[in-house]
Structures are given as C-alpha cells and as structure tokens.
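This report refers to the structure that appears directly beneath it.
Index from 1, following the sequence.
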Amino acid sequence: MLRDRITGAKALMRALQAEGVKTIFGYPGGAIMPVYDALFDYTRGEKKCFDHILVRHEQAATHAAEGYARVSGEVGVALVTSGPGATNTLTGVADAMMDSTPMVVIAGQVAIGALGTDAFQEVDLVGVAQPISKWSYQIRHAEDIAWAVSRAFYIARSGRPGPVVLDFPRNAQVEEIDWEPKKVDFVRSYVAYPKLNAEAVRQAAELINNAKKPLALVGQGVELGNAQEELRAFLEKADIPAGRTMLGLSALPSDHPLNVGMLGMHGNYAVNLKEQECDVLIAIGMRFSDRVTGNTKTYAKQAKVIHLDIDRSEIDKNIRTDVAVVADCKESLPAITALLNKADHSEWKESFKPLDAKEREKVIEPAIHPKDGPLLMGEVVNAVAECCGGDAVLVTDVGQNQLFATRYFKYHKSRSICTSGGLGTMGYGMPAAIGATFGAPDRTVCCFMGDGGFQMCIEELGTIMEQQSPVKMILLNNHYLGNVRQWQDMFWMRRKSFTKMLNPNYALIAQGYGIPYAAVTRREDLGAAVAQMLAHQGPYILECAIKEDDDVLPMTPPGMNVNDMMLEI
C-alpha cells in the first residue's frame, strides 16, 4: 500500500481544500514560510485551488476576511506570520468576535522547542487570543493538522459564528506525516444548535397573538441563520412592524411595508420612541446593545419581551426577558409563525407615521436635499444609493460616515452591509471592501470612509492597485474626526481637542496608485460624478468636500432614555 507522505505545510493546504476555502488573505514572514512555499503550488497551474490576496498589513488581512465572510456567508481566512504579524491581527479577531463573523486566522509560530525562550518574534498567541475568539489552539505536531483545521472551521461557522485562531509552530509545518483527512462535526460540551423548546414557542405565540402593539427588533442573527424568508413570513402573518439594528439592516428590504427603520442612538425617530410604547417586544437575533437600548433601567418597561437567539448567554444579559426562545431562528421563527393568528395592526402601524413625518421634515429632507451651502454627507450617500438602486453592497468605515451611510443607503438584497458594529474599528472600511469584492464578485461594492478612517488603512490602496479590486471608494472629507468633533461640540463645550486634521493631497495619492479619482465640491456636479464612478469597471476614488460641522441626527445622548431622542441640537 502506497503511503501519502507530505509535510505539515502541505497538509494544511489539503485541510483548507477540504473545507472549501477559495480565497486567503495574507502576508508572509519567516515563521510561516514553509506554508507559503506550499501555497505557491496551490495558487497556480493545474493544482490551483486558492486565490491568495497579498494585503499590505496583517490587520487588513482580517478585515478583508471579515468582509468576504459577511457578503458570502462563508468562513473568511487570514494567513500571517508570528510575533507582530500575529498581534497585528488581534483587532480584526476582536472585531469579528463582537460582530459574530466567521473567520479562521492561521499564524506562524516559532518551533515548540523554542517556546518560552523569548525567541525572535515569539508571542503567546493562544493566550492573548483566547478572550477575544471562539477558540484558540496551537497545532504542535503535524499529525494534528487535519483535525485542528476541521474543528476550527466547524466552530467558526456553526451556532453563533465567530473567529478562531490557530497558532502553527514551524516544526509542525515541516514535519512529514501520512496524510489522513479528518472531519469534525461535533465538539463535546459545545452545543452549537440548542434544541427548540416547544413550550417557549407556545408562550411566545400566545403573547404575540394577544398583542395590540407588537414591535420586532431584527438583528444580524437573521442573516447569519439565513432566515430572511422565515422572518418575512413571521412579520407578515402577524402584521408586526420591524426595526432593524445596524448590522441587521439588510435582513429586511428597505422598501418592505413593515420596515419602520433603524434602531439605535442615530436610528430612526419613530421606531425608537415606539420601543417605549409597544406592549410586546420581539427581539430576533440581536443582543440589546447599549447603542440600541440607551438607559437599560427605563428601556421598554411597559412591554413583555420575547427574545429569540441561538446564544443562551445573551438571554437576560442586558434586558430582562419574559419568554426566551433559544434556537436557530431559521427553526424558531417558522415554529412560532405556525401558531400565530393572521393579524391586522393597522392602527398601531399608522401611529408611526406622524413621527416619521416629523423626522423627514426636520432631519431627512435637510440632510439629503439641502438647498444651499456646502455638500452634506447625507446627500452624498443618498445620491450613491439612488444610483445603485438598492442592489449594491454597502461597506463603511467608522464614524459619521458610518452613521450617515447606514441611515440613507438602501437595501433590496440580503448580506448587503459590512460595517464594524460592536468594536467600532476605524480603518475597517477599505480592507473589508476588498474582501467583499471577492466574496460577491458580481455585485457593486460601495465603501464610505471619512478622512480619518481612510488614512488608517491607506496602505491597502496597494492591494486594490495590485488586485484591481473594483471598490468604489467615497471619501467624505470634512477635515475632522467628525464623530468625535460632534461629541465635543455637544458635550465638551465645543473644545475641539485634536480632532482637526491636516490632510494630504488625495488626488496625488490616487495617481501614485494608478486609481481613477475625481473630486466634488459643488452640489450640481454630484450626480454626474457618482454616475461616472459607478460606470467605471475597476476601483475608483470619489472625494467629496463635506461641510465641516455636519452633524448626525437624530441622536439619543449617551446614557439617556431612547425616547429622549433629539431631532435637533
């Protein structure tokens, strides 16, 4: 019998193949060099099965893997070296953990014989990654590779998804083994998919059937569970208006008649106020973030709370629950729907409209259709959204660009938003957009960035140049760290401490990278500039000169009640 004897590095290639990996985002270095040597043969010629995207910074590898995972529904993969290469990924790992993004990070490590000696570029990666990942593990011997990789992907993609970190010492990369594939689909003590409780389903349905003013809060868990159709059936049968979290925005089309807007600090006025009036609150795949609830001591005290989530640890963590349905929402939603009466809540839904009209008059129309003055972020976002027709993928950085973009973009398809929600990572936007172009190559990817976030990962223009990733980059330039500036104006007596920015000549930067560029300073030129950007087949930078003190409204001040939302400053 012939033995299939290969190195650990080649075993890793086969293990990744077995998991269906197609794209790897990475950056080579000494401790991962055997793997990169093996990767050479798997990225070209007859053996080709991977695309490897050389990023310019390891943090960008993780954000690109996140963007890829968000739009494709697959596990993102990042490959880096030891020491600083590994520690540079930790922001992305924490980001993925906060936002439940499936990702596997594979990092080189010094040989096990050198562990604990402060060898060159040695870091206890398992130790530092453990609190911010679903699982972190060191593959000390080549014989463990097939098992460890299969287990990593199973943990990353199952249940509530998240990041897994594999530390790969050099000795395990070069050792030879007889290749034997492994498949892990069970981990003792890890219950990825809790069993649906029929009594909880019955209680939830009873509360909804008796509700006069039900309100659903839709989170990203609906998209992670691929339960978009089940959500619609549930909402439509019971005639329940639904607000969406920032990460859950594309779980329900923007123009769906039961969509009543975005939840949270800078969400829509009506849905935030109505959280304090509804009699039954149904949270679906969301975690009651502080940016949604405001002051938890006063949040929705009048309502019976039903919480549907796959992660039992989220139940009663922030908001007390009356009925908890702990299961995959793709299973729990139809189970509840089957017990619901066909309902009509027209009067309740009508009560949202005066509040919507008030927000439109005081906030939305002035933001997207200003009559004079400098360009505003809202009108730029609206112009791009109108031109895309609701079919594009929205990627944002963090700050005012994120808040305006998520408010005014439009979504017709699921998996249409990539943004850093829980961690709020500046510099996320550009690399995540690169990943999104590989995860959804048939879709337009629009990335909104402020001048601060753009410069935090500006080196990834090199990746865009090399890959010709067709990212449409909309740079909203107000020469400020805008969100911090707004808070300084509102809460710190207008003391603008180190938020003013002296910016480079972005036209010259674009020229240096060979990326087409245009600038807009006049309102009358905006529409044509957006159309030109979207018509271009490759990457494009559109810089928009934005009013310096443009503020995001509405706003619930931090620590205040959700019904204290301000429409003006």
Check your understanding: Would R70 and D99 count as a salt bridge (charged side-chain N to carboxylate O under 4.0 Å, His left out) if you check the C-alpha gap in whole Å, the side-chain angles of each, and the deciding distance to 0.1 Å?
Key -> CA-CA 10 Å; R70 288 274 188 93; D99 288 349; 3.1 Å; yes
Practice item. Starting from the C-alpha separation in whole Å, work towards a yes-or-no answer on side-chain contact (heavy atoms from CB on, under 4.5 Å) for N478 and D550. Key: CA-CA 8 Å; N478 58 8; D550 193 8; 5.8 Å; no
Review point. Stepwise, does the side chain to side chain donor-acceptor pair (under 3.5 Å) test hold for T89 with T62?
Key: CA-CA 6 Å; T89 68; T62 55; over 6 Å; no
Exercise for review: Before giving the answer on side chain to side chain donor-acceptor pair (under 3.5 Å), spell out for Y517 and Q511 the whole-Å C-alpha distance, their side-chain angles and the decisive distance to 0.1 Å.
Suggested key: CA-CA 8 Å; Y517 163 95; Q511 182 182 348; over 6 Å; no
Review point. Going through the distances and angles, do N503 and Q455 end up as a side chain to side chain donor-acceptor pair (under 3.5 Å)?
Key: CA-CA 9 Å; N503 287 324; Q455 292 181 76; 2.8 Å; yes
Check your understanding: Would R485 and D551 satisfy salt bridge (charged side-chain N to carboxylate O under 4.0 Å, His left out), going step by step from the backbone distance to the final call?
Key -> CA-CA 9 Å; R485 190 275 312 154; D551 291 324; 2.8 Å; yes
Exercise for review: Before giving the answer on side chain to side chain donor-acceptor pair (under 3.5 Å), spell out for D397 and Q402 the whole-Å C-alpha distance, their side-chain angles and the decisive distance to 0.1 Å.
Suggested key: CA-CA 6 Å; D397 207 82; Q402 175 187 41; over 6 Å; no
Review point. Given R157 and E74, is the salt bridge (charged side-chain N to carboxylate O under 4.0 Å, His left out) satisfied, shown in steps?
Key: CA-CA 8 Å; R157 64 163 64 101; E74 303 296 330; 5.0 Å; no
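For residues 452-481, every residue pair satisfying the salt bridge (Lys or Arg N to Asp or Glu O under 4.0 Å) rule, not counting sequence neighbours, is listed here: R56-E466. Residue pairs meeting the ring-ring contact (aromatic ring centres under 6.0 Å, His included) criterion with at least one member in residues 417-439, sequence neighbours excluded, are H63-Y428. Judged as a ring-ring contact (aromatic ring centres under 6.0 Å, His included), the pairs with a partner in residues 468-493 (not counting sequence neighbours) are, in order, W487-F491. Within the structure, ring-ring contact (aromatic ring centres under 6.0 Å, His included) contacts touching residues 526-569 (residues at least two apart or in different chains) are H536-Y540. Evaluation of the side-chain hydrogen bond (donor to acceptor under 3.5 Å, both in side chains) test over residues 552-561, restricted to residues two or more places apart or in two chains, returns N295-N561, T298-N561, N561-D564. Counting only residues at least two apart or in different chains, salt bridge (Lys or Arg N to Asp or Glu O under 4.0 Å) contacts with residues 518-536 comprise E379-R523, R522-E524, R522-D525.
Heavy atoms only, all atoms of each residue included: L526 and A383 are closest at CD2-CB, 3.8 Å. When all heavy atoms of T101 and A69 are compared, the pair lying nearest together is CG2-CB, 3.8 Å. The two atoms that bring V395 and A432 nearest to each other are CG1-CB, 4.0 Å, heavy atoms only. Taking every heavy atom of both residues into account, V71 and C418 meet most closely at CG1-SG, 3.6 Å. Between V165 and A129, the shortest heavy-atom distance links the atoms CG2-CB, 3.9 Å. Nearest heavy-atom pair across D309 and M286 is OD2-O, 3.4 Å.
Under the rule for a salt bridge (Lys or Arg N to Asp or Glu O under 4.0 Å), the partners of K274 that lie at least two apart in sequence or sit in another chain are E277. Applying the salt bridge (Lys or Arg N to Asp or Glu O under 4.0 Å) test to D311 and every residue at least two apart in sequence or in another chain returns R160. Residues passing the ring pair (Phe, Tyr, Trp, His ring centres under 6.0 Å) test with Y408: none are found, sequence neighbours excluded. Every side-chain contact (heavy atoms from CB on, under 4.5 Å) that D167 has, sequence neighbours left out, goes to Q109, L125, V126, Q138. Applying the side-chain contact (heavy atoms from CB on, under 4.5 Å) test to T296 and every residue at least two apart in sequence or in another chain returns T293, I319.
Panel note: side chain T81, backbone A31; a donor-acceptor pair is recorded below 3.5 Å. Side chain of N268 to backbone of V271: no donor-acceptor contact under 3.5 angstrom is found.
Each of K358, R407, H266, E568 was scored for a side chain to side chain contact (heavy atoms under 4.5 Å, CB included) with P554, with one residue passing: R407. Each of M565, R360, M566 was evaluated against Y269; a single residue qualifies, M565, per the side chain to side chain contact (heavy atoms under 4.5 Å, CB included) test. Checked options E223, K413, Q228; the residue passing with S250 is E223 (criterion: side-chain hydrogen bond (donor to acceptor under 3.5 Å, both in side chains)). When each of V380, L476, V530 is paired with L542, the side chain to side chain contact (heavy atoms under 4.5 Å, CB included) condition holds for V530 and for no other.
For F409 and F404, the ring centers sit 6.0 Å or farther from each other.
Open room surrounds NZ on K353; 12 or fewer heavy atoms of other groups in view lie less than 6.0 Å from it.
Interatomic distance, M473 CE to I541 CD1, rounded to the nearest 0.5 Å: 4.5 Å.
In this structure, D255 does not pair ionically with K410, as no charged nitrogen and carboxylate oxygen lie closer than 4.0 Å.
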Report, one line per pair, each donor and acceptor closer than 3.5 Å where one atom sits in a side chain of residues 387-394; sequence neighbours left out.
none

